[in-house]
Amino acid sequence: MKQEERTSEKAVQSVASVETTKENANNGSIKPPPIPRGTTPTLIQIVEALLKSPETIISRFCKGNFGIITLKFLAILSLGFIAYGLVAGSFSMGRQLWIAPLKIWMGLLATAAICFPSFYIFACLGEAQLSLKQAFVVMSASLTLVSILLIGFMPVALVFSTSTNSIACMGFFHLVFWFISIGFGMRFLLGVLNQCESKNSFYIKFWIVIFFITTLQMMTAIRPIIGTSDSIFPIEKKFFLENWGDALKIKD
Amino acid sequence: MKLNLWENLVELCRGEPKVLASWLDDDWRAKLLLAVVFIVFGSGAYGMSIGLWRAPEQAIYVAVKFPLLILLTTLGNGFLNGMTAQLLGAKMSFVDSFKAVCLSFALASVILGALSPLSCFLVYNAPGIYSDQVQKAHVVIILSDVFVIAFAGGVANLRLFNLLKHLNNSGALAARILFSWLAGNLLLGGQLSWIMRPFIGTPSAPVEFIRNNPLDGNFFETVWHLCWNLFN
């Protein structure tokens with residue numbers, strides 16, 4: 001574990017130096033209220049920091065209490081995914097109102113879990129100075145950012161959900177919102193890895209593609225989310241492209 | 001001999017040529033043992049995930065066969081690799097060549113191991129062997145495995161190239177050595193994989209550790225026939 005401690009220290013130093021430079025350079029820009037060092041940030045402080053100054057947040061967290069901060073990340077992302085799931089379920093109403101949030105929440109956590117080993121190895125292949133604990137916090141933080149953005153899309157999704165009857169069309173809108181949210185989440189991830197002295201971003205970009213495809217397949221594996229079905233989970237196994245093709249045929 | 005698995009795993013993945021070069025010198029027996037551990041667990045986990053589609057027994061068989069295939073290819077080509085490296089003018093001993101190839105396979109195995117949960121997920125999502133779409137699922141699994149193994153092998157060989165370049169102070173020489181090693185490993189590895197078949201498992205064939213006729217035919221003849229049938 002000595003190596004892990006060394007890499008933690010290195011990452012903290014590198015992130016902290018960038019943070020100081022940025023703080024000096026951006027004196028005129030709008031910044032979130034500073035999180036006092038040594039204290040655990042509140043949920044609101046975490047949300048503000050992730051949105052306004054994501055690149056500075058990890059250095060604070062590296063010095064704070066990993067357990068509490070990670071739990072707070074998990075709380076925010078769970079809230080975001082469940083709330084968005086509620087909107088997704090509102091298309092069909094009925095029991096989908098509780099099934100869809102549960103499926104989205106569990107599905108995305110399961111995707112994160114199966115993608116985490118490759119995330120850490122790919123970060124190491126890119127020569128990032130990142131410990132396993134930090135990798136976990138970084139991934140949780142990026143998913144938290146994704147969930148915050150999904151909360152932002154909730155009113156728009158709700159409007160479409162109540163005013164359209166086409167599953168394919170609604171699915172397309174959810175896909176667009178998901179794509180945008182994950183884009184920002186992964187941009188944050190890349191930014192943090194750059195600060196952790198990552199010399200080659202190819203591997204992590206490749207991992208992002210894998211992660212995105214896995215989320216799409218996960219949502220297919222636990223379908224239906226927007227529509228309804230007699231059984232909670234599907235009996236027939238399909239790949240996501242095939243499922244989309246079938247959804248389009250239903251529309252026709 | 002003190003081994004820190006995690007620390008060494010991270011070092012191997014970061015693949016800094018200077019650090020990897022020190023693996024060839026300092027306490028190399030311990031590092032070689034580590035490389036074998038990474039090969040056994042990494043490629044074993046991936047092997048298990050690909051065999052899972054056919055049957056649970058197949059998963060266990062492939063978890064044993066996949067690391068065995070890598071270790072036998074490394075051992076079988078150890079002398080040839082060392083010889084070609086020296087013939088091409090490398091400043092490396094036979095043992096150094098063997099260790100370098102082991103490191104490369106160990107890195108590929110670590111990448112495969114990290115991707116094994118994703119491979120399991122793919123297998124879970126693929127139509128089963130009793131489904132109408134079994135042929136399509138078989139092709140998807142084969143293609144995804146080819147892609148993943150090619151990616152892991154590509155990254156590992158890139159790192160091996162950097163290590164050879166660092167050790168020999170010449171990119172051109174490193175490329176020549178790497179090419180000769182790849183050719184040798186393809187030749188032996190291809191045929192060993194043919195003998196040790198099945199890996200994924202043909203849906204219509206029974207589940208078995210190796211086929212009843214393992215030595216019938218060869219890998220390259222089969223590839224040739226497949227290409228011939230495709231274009232005629």
Side-chain angles (χ1 to χ4, degrees), chain A residues 1-8 10 107 110-135 196-200 202-203 206-207 209-211 213-223 233-243, chain B residues 2-19 38 41-42 45-46 49 53 107-134 136-137 139-141 143-144 147-148 151-152 154-156 158-159 162:
Chain A
M1 286 294 110
K2 271 183 187 171
Q3 168 79 10
E4 197 167 312
E5 283 167 18
R6 273 207 307 272
T7 53
S8 301
K10 264 190 158 183
T111 307
I114 61 174
C115 288
F116 183 70
S118 48
F119 168 65
Y120 186 64
I121 293 297
F122 281 38
C124 287
L125 288 173
E127 297 178 48
Q129 300 286 336
L130 199 68
S131 70
L132 193 66
K133 261 193 206 170
Q134 286 171 329
C196 292
E197 298 175 24
S198 175
K199 289 174 188 160
N200 188 346
F202 164 78
Y203 298 106
F206 183 66
W207 177 86
V209 174
I210 293 176
F211 178 74
I213 292 172
T214 310
T215 59
L216 299 181
Q217 184 57 41
M218 182 61 82
M219 292 304 129
T220 305
I222 58 174
R223 71 191 186 279
F233 288 106
I235 300 157
E236 191 189 0
K237 290 179 176 179
K238 280 182 186 173
F239 291 114
F240 69 93
L241 287 174
E242 194 183 358
N243 186 44
Chain B
K2 195 182 171 188
L3 291 178
N4 186 331
L5 264 177
W6 192 256
E7 186 182 323
N8 285 293
L9 177 93
V10 171
E11 268 185 10
L12 181 68
C13 290
R14 290 200 179 121
E16 289 169 41
K18 272 184 192 169
V19 177
F38 292 146
F41 285 100
Y46 188 76
S49 74
W53 179 69
L107 177 60
S109 300
V110 167
I111 297 170
L112 288 176
L115 290 170
S116 58
L118 284 161
S119 173
C120 279
F121 183 60
L122 175 82
V123 165
Y124 170 78
N125 283 284
I129 55 159
Y130 301 112
S131 147
D132 299 339
Q133 296 184 312
V134 61
K136 194 172 82 179
V139 170
V140 168
I141 290 173
L143 288 178
S144 64
F147 181 72
V148 169
F151 173 77
V155 174
L158 195 67
R159 293 290 158 91
N162 289 335

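Numbered from 1 within each chain, the chains take letters A, B, ... in sequence-line order. Just so it is clear, the model here is predicted, and its values are computed rather than measured.
Residue Leu107(B) touches chain A through its side chain alone, counting heavy-atom pairs closer than 4.5 Å. Contact of Phe151(B) with chain A is made through the side chain alone, with heavy-atom distances under 4.5 Å. In this structure, no portion of Phe240(A) lies under 4.5 Å from any heavy atom of chain B. With a 4.5 Å cut-off on non-hydrogen atoms, Ala128(A) touches chain B through its backbone but not through its side chain. Of the atoms belonging to Phe211(A), not a single heavy atom falls under 4.5 Å from chain B. Residue contact with chain A, scored on non-hydrogen atoms closer than 4.5 Å, is absent for Leu112(B). Phe206(A) touches chain B through its side chain: at least one heavy atom from C-beta onward sits under 4.5 Å away, while N, CA, C and O do not.
Ring geometry, Phe116(A) versus Phe119(A): the interplanar angle falls from 30° to 60°, so the pair is classed tilted.
Glu16(B) meets the salt bridge (charged side-chain N to carboxylate O under 4.0 Å, His left out) test with no other residue; sequence neighbours excluded. Taking Lys199(A) as the reference, Glu127(A) meet the salt bridge (charged side-chain N to carboxylate O under 4.0 Å, His left out) condition, with sequence neighbours excluded.
Considering Gln217(A), Lys237(A), Lys238(A) in turn, Gln217(A) is the only one that fulfils the side-chain contact (heavy atoms from CB on, under 4.5 Å) rule with Asn125(B).
Atom CD of Glu242(A) and atom CD of Glu236(A) lie 7.0 Å apart (nearest 0.5 Å).
Among the candidates Gly15(B), Cys120(B), Ala126(B), the residue making the largest number of heavy-atom pairs closer than 4.5 Å to chain A is Ala126(B).
Applying the 6.0 Å contact sphere to CZ of Phe41(B) captures no more than 12 heavy atoms from other residues, nucleotides or ligands.
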